[in-house]
Protein chains: 2
Amino acid sequence: MTPEAAAIFEQCNCLAVRQAARHLTQFYDQFLASSGLRTTQFSILAKLRGYGPLSINALAKELVMDRTTLGRNMLPLEREGLIEIASSATDRRTKELRLTEAGVERLRAAAPGWIDAQSRFEQAFGRKRSSALRALLGEVVASEM
Amino acid sequence: MTPEAAAIFEQCNCLAVRQAARHLTQFYDQFLASSGLRTTQFSILAKLRGYGPLSINALAKELVMDRTTLGRNMLPLEREGLIEIASSATDRRTKELRLTEAGVERLRAAAPGWIDAQSRFEQAFGRKRSSALRALLGEVVASEM
DNA sequence: TTGACATAGGTGTATATGCTCCTATATTAA
DNA sequence: TTAATATAGGAGCATATACACCTATGTCAA
């Protein structure tokens, strides 16, 4: 393989998305740090706040995350009392993830940091371009390959 | 916080990028699996192939990755003999990461899988849109906030 | 020369990610 | 009813990620 052939890997869509994810995650995490939440944890709490109680599978699908990953990501949140994990009454296989009052409060406390990060990014990157980027990324997730 | 207020988190740029990264990583990883490489490892080898020997700091910057992350990501590759880690002759603080012959060979073996993944994605998502997406993501990485 | 500062990298710790293989429970067809 | 199958979730394993704090080495000015 020549260096020229290696250069086509610079076009890798996967690498481009991962690099941007690392970059943005570090940025957003800075603004969430004072709340004691990471971006992933913030996302989980926010989804539960918006959707109400969900099963692990349902929430994982909502977050485009492997269910085993979500299962593990729950543990620090449960340990801190931000969510509760209860067995479903109608299906004993299913566990219901529910935001606690402390979880709602923590999400509220973290919101200003998120707004700050989001605003600064959109200030720098542009509101419309941010919106266009999110739309493209949504189509990536939805794309059938 | 009302559910309506929680809904603005749906606009999170960070979450959108992370979700797409998870989705694409799983997709590309499937096609690389037979080579025994993950996408991150493939990226590392490809960069070293294109740039020649690099220090940990230089390669980490190139990959938009924390240097401590890269330091740990090196270990499986070194263990398998795909890269060599040698001290620099001129600066004893610096370590030079170098692709071995086995590393070149492994990269060559993984290339068809990457091409397949890349082609299928661009077939589904569109060549021009893929290119536009990569450009946007590049600007995300470059954006000063 | 030497002391202050900058740079390269490692370690400890914690979370994030997902595959493979596993059990428990539910559903459905024979 | 029962056997096959599908679904929900957990455990083991390995890699990925990055912050805080650390040591070693290099640089540069007083």
Spell out, as yes or no, whether a donor-acceptor pair under 3.5 Å connects the side chain of B:S130 to the backbone of B:G126.
-> yes
Give a yes or no on whether the backbone of B:T39 and the side-chain of B:S43 come within a donor-acceptor separation of less than 3.5 Å.
->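 Looks like yes, one N/O pair under 3.5 Å.
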What's the [atom1]-[atom2] distance between [X] and [N], to the nearest Å?
| X | N | atom1 | atom2 | result |
| --- | --- | --- | --- | --- |
| A:R22 | C:dT17 | CZ | C1' | 13 Å |
| B:R18 | D:dT17 | CZ | P | 10 Å |
| A:Q30 | D:dA20 | CD | C1' | 14 Å |
| A:Q26 | D:dA20 | CD | P | 11 Å |
| B:K95 | C:dT7 | NZ | C1' | 15 Å |
| B:Y28 | C:dG18 | OH | P | 16 Å |
| A:N57 | D:dG10 | CG | C1' | 12 Å |
| B:L24 | C:dG18 | CG | P | 12 Å |

Test A:R120 against A:F31 for side-chain contact (heavy atoms from CB on, under 4.5 Å), laying out the working first.
-> CA-CA 10 Å; A:R120 284 180 196 237; A:F31 288 85; 3.4 Å; yes
Throw together a table of side-chain donor-acceptor distances under 3.5 angstrom for residues 51-59 of chain A, partners on residues two or more places apart or in other chains.
unit_1: A:Y51; atom_1: OH; unit_2: A:E62; atom_2: OE2; d: 2.9
unit_1: A:S55; atom_1: OG; unit_2: A:A58; atom_2: N; d: 3.0

Search all heavy atoms of A:F9 against all heavy atoms of B:A46 and return the closest pair with its distance.
-> CD1-CB, 3.5 Å
Would you please say whether a donor-acceptor pair under 3.5 Å links the side chains of B:S35 and B:R106?
-> no
Test item: side-chain donor near acceptor, A:Q41 and A:N73, under 3.5 Å =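 No, no side-chain donor-acceptor pair sits under 3.5 Å.
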Taking atom CZ of B:F27 and atom CG of A:N13, what is their separation to the nearest 0.5 Å?
-> 10.5 Å
Can you check side-chain contact (heavy atoms from CB on, under 4.5 Å) on B:M65 and B:T40, steps first, answer last?
-> CA-CA 10 Å; B:M65 183 182 287; B:T40 298; 3.9 Å; yes
Using a heavy-atom distance cut-off of less than 4.0 Å, which residues of residues 65-94 of chain A contact DNA chain D?
->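 The stretch gives A:R67, A:T68, A:R72, A:R93, A:T94 as the residues lying under 4.0 Å from the strand, ordered by number.
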Overall bend - the helix from C:dT1-D:dA30 to C:dA30-D:dT1, comparing terminal axes fitted on five pairs, nearest 10 degrees = 10°
Please work out if B:T25 contacts a base, only the sugar-phosphate, or nothing of the nucleic acid, heavy-atom cut-off 4.0 Å.
-> nothing
Where each residue is assigned the nucleotide of DNA chain C containing its nearest heavy atom, which of B:A58 and B:R38 is assigned the position nearer the 5′ end?
->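 Of the two residues, B:A58 wins.
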